[in-house]
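In what follows, every chain begins at residue 1, and chains take the letters A, B, ... in the order their sequences are listed.
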Number of protein chains: 2
Amino acid sequence: MQPTLNTLEGLKVACSNCNLRELCMPTGFNKDEMQKLDEVVEKRRRVKQGEALFSSGEAFTSLYAIRTGFFKTCVISEDGREQVTGFQMAGEIIGMDGIVSDHHNCSAVALEDAEVCVMPFSDIENLSRELPGLQRHVHKIMSREIVRENGVMMLLGNMRAEERLAAFLLNLVQRLHARGLSQSELVLRMTREEIGSYLGLKLETVSRAFSKFSEEGIIEVKQRYVKIVAPDALKKIFNPQTYY
Amino acid sequence: MQPTLNTLEGLKVACSNCNLRELCMPTGFNKDEMQKLDEVVEKRRRVKQGEALFSSGEAFTSLYAIRTGFFKTCVISEDGREQVTGFQMAGEIIGMDGIVSDHHNCSAVALEDAEVCVMPFSDIENLSRELPGLQRHVHKIMSREIVRENGVMMLLGNMRAEERLAAFLLNLVQRLHARGLSQSELVLRMTREEIGSYLGLKLETVSRAFSKFSEEGIIEVKQRYVKIVAPDALKKIFNPQTYY
DNA sequence: GTATTCATTTGATTTGCGTCAAAGTTTTCT
DNA sequence: AGAAAACTTTGACGCAAATCAAATGAATAC
């Protein structure tokens, strides 16, 4: 480890004046509690595009709050098949897969240059014994991940290609919108192949579904740029029943 | 609610002399700590075959430790498609999906008459601030669920029908073996349709895969009874690479 | 600025699983 | 015990997505 390479020297690392606070930290703390919270963030770490924040099998030490950038998490089977298990953006917490065995079960790779807050898990555990609000927050974050994965299982087990892609796009744009970005335009940070891996499809199938949506006037696509022209049509594809 | 129907009166509810303790509770506690742990289990509750322990949308109050019986958990999409997200047996903890929103996101249905220990989550949170061992255990249980679901995503996204069924059987028999049962024989508690839902397959496909394994002499099947004759062959199907 | 690599699109063909159907078996109900 | 309902198996056929293939476009390196 070469901390000087990964740590941002001279930058005040503090949640209390971070504009992502409401996304990744619990709310409703007083000044004293907020100060303690600040100390959980040991340091920051930059991860270049294509690099791994952590890799499957590595010792688990910390959770990471994404400050900037975009990640994918993936598991690899023994015979080399890769499954993307999620895409994560600013304000989201990753690394919880490592708690159960003290080793990471998946890898987190930056899809664009990124910066994360390193939060040693033992510190989180210590402080969350003092601060019930933090304790509850940690529980909620893990529960949210369980619920998210339930949703992916529904996608993979029950939905057809176009339904999966519609759900994927709606989910992405909704999360970006929650971060102050457009609710109709987005630039994909991942390849068709990575989308396909996440959705249990081959890249050609993903490409065809994009083209189909485009032909139908539901979206406009130019490579990684996507504009959602008819969100209701997408929602209808994702969930036919609601629109009888 | 009719507590008298669900509570087992006159039974001493205590983890300290429960033979499943090592499966669902943390180890290494002294007498005093063990006694506190006992108090987390508010009561027990019986669930008849086919009944729901909790249902999607219901208010979340407690986690449940399965004492006897067998459950499935499932989510239902708005248009009515059901996805089985897991099968749970004695010693396993369910209900963590409800923490994030204070409402359950999935339903837990008993596949045979069952008995669970009801553990109010607020009590768990309170006590785990006192007992770091319990705190760590709660984190591990949730992390284990995340990791399990990662594995299911790999199954659903990358594997073919027979690989999925092989993985399913190996996983089931391994968990049963950890509970003192045979590592080669099992009686399925779920229908072909429920297996199919979990594995993202139709019941006919599951049935055909069973028949194929049977014809090849890998397993013996008679309805719900399954005997694994050639476990290595199953492992090879699940994970071709390892056996070059 | 050109070459090389990587990503995407689109077409032709194949295939694994789904769908439909019917018969057999087991369990449940009366 | 007998009838009804639920579950399972097996076969024939269809289709959605995978595979194979080739061309185009974009990004990166030299």
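Between the P atom of dA16(D) and the CG atom of L165(A) lies a distance of 17 Å, rounded to the nearest Å.
Chain A approaches DNA chain C over the interval dA7(C) to dA12(C), counting the first and last nucleotide 5' to 3' with an atom under 4.0 Å from its heavy atoms.
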Salt bridge (Lys or Arg N to Asp or Glu O under 4.0 Å) evaluation trace for E194(A) with K72(A): CA-CA 9 Å; E194(A) 287 163 336; K72(A) 69 169 177 181; 3.0 Å; yes
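For residues 185-205 of chain B, the ring-ring contact (aromatic ring centres under 6.0 Å, His included) pairs, not counting sequence neighbours, are F87(B)-Y198(B). Applying the salt bridge (charged side-chain N to carboxylate O under 4.0 Å, His left out) test to pairs two or more places apart or on separate chains, those with a residue in residues 171-181 of chain A are E92(A)-R175(A), E92(A)-R179(A). Sequence neighbours left out, not one pair with a member in residues 203-224 of chain A passes ring-ring contact (aromatic ring centres under 6.0 Å, His included).
Note on S207(B): a base of the nucleic acid sits closer than 4.0 angstrom, heavy atoms only.
A search for side-chain contact (heavy atoms from CB on, under 4.5 Å) contacts involving S101(A) returns H103(A), not counting sequence neighbours. By the side-chain contact (heavy atoms from CB on, under 4.5 Å) test, H177(A) pairs with Q183(A), sequence neighbours left out. Checked against side-chain contact (heavy atoms from CB on, under 4.5 Å), L170(B) has the following partners two or more places apart in sequence or in another chain: L234(B), K235(B), F238(B). When the salt bridge (Lys or Arg N to Asp or Glu O under 4.0 Å) test is applied to E220(A), no partner is found at least two apart in sequence or on another chain. By the ring pair (Phe, Tyr, Trp, His ring centres under 6.0 Å) test, F71(B) is found to be paired with no residue, residues two or more places apart in sequence or in another chain being considered. Every side-chain contact (heavy atoms from CB on, under 4.5 Å) that R224(B) has, sequence neighbours left out, goes to V187(B), L188(B), T191(B).
Helix bend of the helix from dG1(C)-dC30(D) to dT30(C)-dA1(D): the angle between its two end axes, each built from five pairs, comes to 60° after rounding to 10°.
Distances shown here put a side-chain N or O of S211(B) below 4.0 Å from the OP1 or OP2 atom of dT10(D).
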Sugar-phosphate or base contact per nucleotide [nucleotides 17-27 of chain D; S, B, -; heavy atom under 4.0 Å]: SSBB-----S-
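Where E215(B) and Q49(A) meet DNA chain D, the nucleotide closest to each residue was compared, and E215(B) sits on the side nearer the 5' end.
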